[in-house]
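See below for the structure under consideration.
Just so you know, ligand 1 is whichever comes first in the structure, and atom 1 is the first atom listed for that ligand. Index from 1, following the sequence. Reckoned from all heavy atoms, side chains included, excluding hydrogens, waters and symmetry mates.
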Amino acid sequence: MTDERAERIAEFIAPLRVKPGSKVDLATDFDPGFKGGIGGKKQGRELLRTGVALLADYQRRLAAEGRYGVLLCLQALDAGGKDGTIRHVMTGVNPQGVHVANFRVPSSEELDHDYLWRYACRLPRRGEIGIFNRSHYEEVLVVRVHSELLERQRLPEEAKAKGVWRRRYREINDWERYLYDNGFRVVKLFLNLSKEEQRTRFLKRIDVPERNWKFSASDVRERAWWDDYQHAFSRMLSATSTRWAPWYVVPADHKWFARICAASVLAHTLIDIDPQYPEVGEKARHELSLVKEDLEAEAPPGAPADPYAASVAHRKGGHGT
Ligand code: AMP
Ligand code: MG
């Protein structure tokens, strides 16, 4: 990775980052239709391809090193493009190194525990990229907008008294700080969709039969709380964008642009971690050479002692003639 390329990525994502401590008003501070000066879909596709290749390379190193883990949290309103973002950004990445966790309405077992429990159960291991499709942030979003959901959590009176949201923000910040200090990076993306683009996407889900399965009438009913959600998102972004786990507000009206942003933020994190393939020491190399001798001695009559080395030598020789 050239420093220049790393710098370009850092510059590209800087306008999306929520400055820790700043007060966000979504409606005025972030434009869902922003395209970051990229010409269009075609130029965008090239950029995404580059980003995706870079991610695949870094993910291999992350897995080989096995020291750091990355948690990518995706939040959005319905039809915000979470599923498509995951699909596009993760093409090319070894599926064994990535785990996606979807969070829906909590089960009764989940409600038997503290509110962060179910998220803690799905955290990535070292060397993995974990993706939360919806995340612990639902606990200060949908649960804040619909107070009956807080009731279902069977909290003691004092735990749901006034100040519950401020306390949850602090608890979430502390939890993410704990993860960061122990080698897990939390990357947070909010896909910021406009109300009109959401309407268009819902209609597409109705008009195109293959998309009907994605449509739910309750998603449309949820539009009635649009302003409450905008408020809850603004409060969440203001309170939980931290030095160790900043929020990125991704303009989501253009899917292709949102995907480039997501890939870039994730790449930025991996570049920062800079995972390395483990070095093989003198002793281990010596052991390898002994085993190599044994394997070479097993060559059947007529076969090269080391077929791989022979094929490499042949290829090199072939080019020269
Ligand atoms: P989907 O992502 O379309 O499968 O929908 C999942 C649903 O689960 C959404 O309507 C979310 O609002 C809801 N949901 C996710 N997390 C929670 C939570 N912690 N409490 C209540 N509802 C939730
Ligand atoms: Mg849905």
Side-chain angles (χ1 to χ4, degrees), residues 26 71-90 99-123 130-155 159-160 164-165 167-173 175-176 186 188-193 195 197-206 208 210-237 239-240 247 250 252 255 258 262:
L26 252 194
L71 172 64
L72 179 67
C73 298
L74 279 174
Q75 285 297 151
L77 279 167
D78 292 308
K82 298 191 301 297
D83 297 341
T85 300
I86 295 170
R87 202 169 56 242
H88 280 81
V89 171
M90 289 303 160
H99 293 276
V100 182
N102 296 291
F103 294 101
R104 304 202 163 86
V105 178
S107 68
S108 73
E109 192 198 4
E110 288 168 344
L111 288 172
D112 281 341
H113 291 268
D114 62 278
Y115 74 92
L116 287 178
W117 179 78
R118 66 170 182 159
Y119 308 98
C121 288
R122 310 293 296 273
L123 286 171
I131 301 179
F132 279 4
N133 187 354
R134 300 185 189 272
S135 70
H136 47 295
Y137 283 99
E138 290 295 342
E139 304 295 335
V140 293
L141 292 168
V142 69
V143 181
R144 182 171 190 164
V145 171
H146 298 285
S147 58
E148 68 275 16
L149 295 175
L150 189 66
E151 281 306 317
R152 284 185 67 216
Q153 297 192 347
R154 307 207 320 270
L155 294 159
K160 58 183 181 189
V164 56
W165 308 118
R167 208 190 65 236
R168 285 198 170 187
Y169 294 143
R170 174 175 54 76
E171 288 159 352
I172 287 172
N173 287 342
W175 188 54
E176 292 176 355
V186 185
K188 304 185 298 201
L189 301 181
F190 168 56
L191 304 181
N192 187 27
L193 188 71
K195 198 172 182 183
E197 180 61 21
Q198 189 194 52
R199 191 176 74 91
T200 309
R201 290 185 190 177
F202 280 159
L203 283 167
K204 190 168 177 186
R205 287 180 182 184
I206 295 170
V208 182
E210 292 77 22
R211 290 189 188 238
N212 285 172
W213 68 275
K214 267 212 147 187
F215 181 78
S216 133
S218 68
D219 288 354
V220 173
R221 281 197 295 276
E222 211 55 13
R223 270 167 77 79
W225 281 277
W226 181 273
D227 292 341
D228 296 20
Y229 272 109
Q230 295 292 303
H231 178 70
F233 279 124
S234 298
R235 299 294 292 268
M236 172 198 81
L237 293 166
T240 61
W247 270 106
V250 171
K255 287 181 179 175

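Contacts of Ser216 with ligand 1, taken as heavy-atom pairs under 4.0 Å, are absent altogether. With a 4.0 Å cut-off on non-hydrogen atoms, Glu139 touches ligand 1 through its side chain and not its backbone. Under 4.0 Å from ligand 1, the heavy atoms of Val143 that appear belong solely to its side chain.
Close approach of ligand 1 to Leu149 (heavy-atom distance below 4.0 Å) involves ligand atoms 21 (C). Taking every heavy atom of Tyr119 and a limit of under 4.0 angstrom, the matching atoms of ligand 1 come to 19 (N). Against a heavy-atom cut-off of under 4.0 Å, Phe103 is close to the following atoms of ligand 1: 15 (C).
At a 3.5 angstrom cut-off on N or O pairs, Val105 counts as close to ligand 1.
Put simply, CZ on Phe233 and CG on Leu77 are 4.5 Å apart, with the number rounded to the nearest 0.5 Å.
At least one side-chain heavy atom of Trp117 sits less than 4.5 Å from a side-chain heavy atom of Glu109. Counting heavy atoms from C-beta on, the side chains of Lys188 and Glu176 come closer than 4.5 Å.
Under the salt bridge (charged side-chain N to carboxylate O under 4.0 Å, His left out) rule, Glu110 has a single partner from Arg122, Arg152, Arg118, which is Arg118. The one candidate from Ile86, Leu72, Thr85 that meets the side chain to side chain contact (heavy atoms under 4.5 Å, CB included) condition with Asn133 is Ile86.
In this structure, Arg223 contributes its side chain and Lys195 its backbone to a donor-acceptor pair below 3.5 Å.
Closest heavy-atom approach to atom 3 (O) of ligand 1 among the candidates Arg134, Arg104, Arg118: Arg134.
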